[in-house]
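A short worksheet on the structure shown next.
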Amino acid sequence: MNVLVINAGSSSVKYQLYNMNDESVLAKGRVERIGLDSAILTHEPEGKSEVREVSEILEHTTAIKKVLDMLVHREFGVLHSIKEIDAVGHRVVHGGEFFSTSVLVTEEVKKKIKHLFDLAPLHNPAHMLGINAVEANMGDVPQVVVFDTAFHQSMPPEAYMYAIPKIWYSKHKVRRYGFHGTSHQYVSERASRFLNKPLDSLKIVSAHIGNGASCAAILNGKSIDTSMGLTPLEGMMMGTRSGDLDPAVVTFAMGKEDLTLNEVNSMLNKHSGLQAISGLSSDMREITEAMDEGDKNAKLAFDMYAYRVRKYIGAYAAALNGIDILIFTAGVGENSVILRKAVCDGLTYLGVELDDHRNETGRGIEKRISSDSSAVDVLVIPTNEEWMIARDTYELVMM
Ligand code: ADP
């Protein structure tokens, strides 16, 4: 059985085709600059070289058609016919309070995703375009939607409610939802398997720190708190997002700088975080390089970032009343030796003991980086959201 995983953005479509029989990736790629006359399709078939094609792609239906054509291409394809794709799984950012698991796409499900456009105006409309484009090209192939928010629907009200006028929740559903749920769920399951300990007996804190960053407290396999909120802006410091701040900063800055709502939103989402503090880059690699060369702003950005990660781990150790496993994942978590060290060196009070030699780990492997005597198992687990989407799709379609 083959499953096509789609992540549709407003001007891009990323895809990955899985053979579920042996869990291998047959091909992956992306279409970028949809809506322009020079859109780019990059296709990476397994075992063959990468292909790039520039053409006019004005909307998502054409983008999906190009992807399907490439998957059955005589030279670069990996399938004989589109009929060999048995199901399609979509990443959907916001499932609101409607969805606590992945589901098969129906008219009712589509209505609910549309209902959530207000909560995720940049993402959900694009996902809908992806779903409709697959329908237009592939007829009634079964489609599944996998939500970034679903894993966190198990949070109790004391974690997801904001202490604000109740009507904002009752009327507009303003509350914490959390994101990166697919990743937090995946790495917590892998961690339990890696250590051969049952998930329903574990207190796990997972730090998904990439360009976007969030932390989750996972008790017995269920998320009980997470750092992102109504939107992905809350929580840890990120590449270009501020993370937590006093909400009064928003109105204060709007007044002083004469900013509109859109402008302040853009400043906090796109011009804050590592980028703003370093004045250099949102990329942790560039920050650490500059820091090594003595750049003071880069050092402050790094220190603030690491401090925020450590604070959240401490908060979630408190939420869980202890911690068995600490997981680092995503771009920074999987790759930055010095960030992991900066964080863990301040967690000795929890019994965390990093093994500096083990911490010098290469990319892409699951590894324990704590010492044998550490009270907490500290793991690096590469995340794989696409695989989770493929797995959920497979399970729902096979049921
Ligand atoms: P996204 O949140 O966009 O999915 P990723 O999880 O792919 O992002 O993380 C991307 C980020 O990971 C980059 O912006 C960079 O800061 C960081 N990163 C990647 N490789 C390294 C590395 N070797 N050392 C430090 N940071 C890295």
Side-chain angles (χ1 to χ4, degrees), residues 5-16 28 30 32 42 91-93 120 122-123 126 146 148-149 178-187 190 206-216 226-228 231-243 269-293 295 297-299 301-306 308-309 312 327-344 359-367 369 380-389:
V5 173
I6 300 275
N7 183 353
S10 55
S11 66
S12 71
V13 168
K14 294 192 195 118
Y15 64 94
Q16 199 142 322
K28 61 182 174 181
R30 59 194 180 277
E32 291 156 300
T42 311
R91 173 196 180 214
V92 174
V93 163
L122 297 179
H123 292 101
V146 179
D148 279 18
T149 50
F179 299 87
H180 292 144
T182 317
S183 174
H184 289 298
Q185 184 179 5
Y186 174 78
V187 296
R190 292 299 309 180
S206 75
H208 174 116
I209 44 182
N211 197 23
S214 73
C215 205
T226 191
S227 58
M228 284 177 167
T231 77
L233 185 56
E234 194 182 347
M236 302 200 285
M237 183 169 156
M238 309 182 209
T240 62
R241 294 189 198 125
S242 64
N269 275 289
K270 298 187 186 147
H271 304 283
S272 295
L274 287 174
Q275 172 78 58
I277 300 300
S278 71
L280 190 73
S281 170
S282 60
D283 191 310
M284 188 54 94
R285 284 165 290 202
E286 288 179 44
I287 303 285
T288 40
E289 269 167 37
M291 191 167 80
D292 288 346
E293 285 159 13
D295 187 316
N297 293 328
K299 166 110 176 71
F302 178 88
D303 288 346
M304 285 172 68
Y305 189 98
R308 205 64 88 80
V309 176
Y312 262 103
I327 304 171
F328 286 99
T329 192
V332 178
E334 289 169 34
N335 293 299
S336 180
V337 174
I338 69 160
L339 188 278
R340 292 193 299 256
K341 181 160 172 60
V343 170
C344 290
N359 187 34
E360 297 278 339
T361 183
R363 263 212 98 139
I365 50 163
E366 296 182 349
K367 190 169 173 192
I369 57 169
V380 174
I381 308 266
T383 192
N384 196 343
E385 287 154 293
E386 292 78 15
W387 165 248
M388 281 293 274
I389 296 171

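Atoms within each ligand, like the ligands themselves, are counted from 1 in listed order. What you see below is based on every heavy atom in this structure, not just the backbone, and it leaves out hydrogens, waters and symmetry mates. Throughout, residue positions are numbered sequentially from 1 according to the sequence presented.
Judged by distance alone, the side chains of Ser214 and His180 do bring a donor and an acceptor atom under 3.5 Å apart.
Around ligand 1 you find Gly210, Asn211, Gly212, Asp283, Met284, Arg285, Ala330, Gly331, Val332, Asn335, Ser336, each with a heavy-atom distance below 4.0 Å.
Residues meeting the side chain to side chain contact (heavy atoms under 4.5 Å, CB included) test with Glu286, sequence neighbours left out: Ser281, Asp283. Applying the side chain to side chain contact (heavy atoms under 4.5 Å, CB included) criterion to Thr231, with sequence neighbours excluded, gives Leu233. For the side-chain hydrogen bond (donor to acceptor under 3.5 Å, both in side chains) test, no residue two or more places apart in sequence or in another chain qualifies with Ser278.
Atom CD of Glu289 and atom CG of Leu280 lie 9.5 Å apart (nearest 0.5 Å).
Surrounding NZ of Lys367 are more than 12 heavy atoms belonging to other residues, nucleotides or ligands, all under 6.0 Å away.
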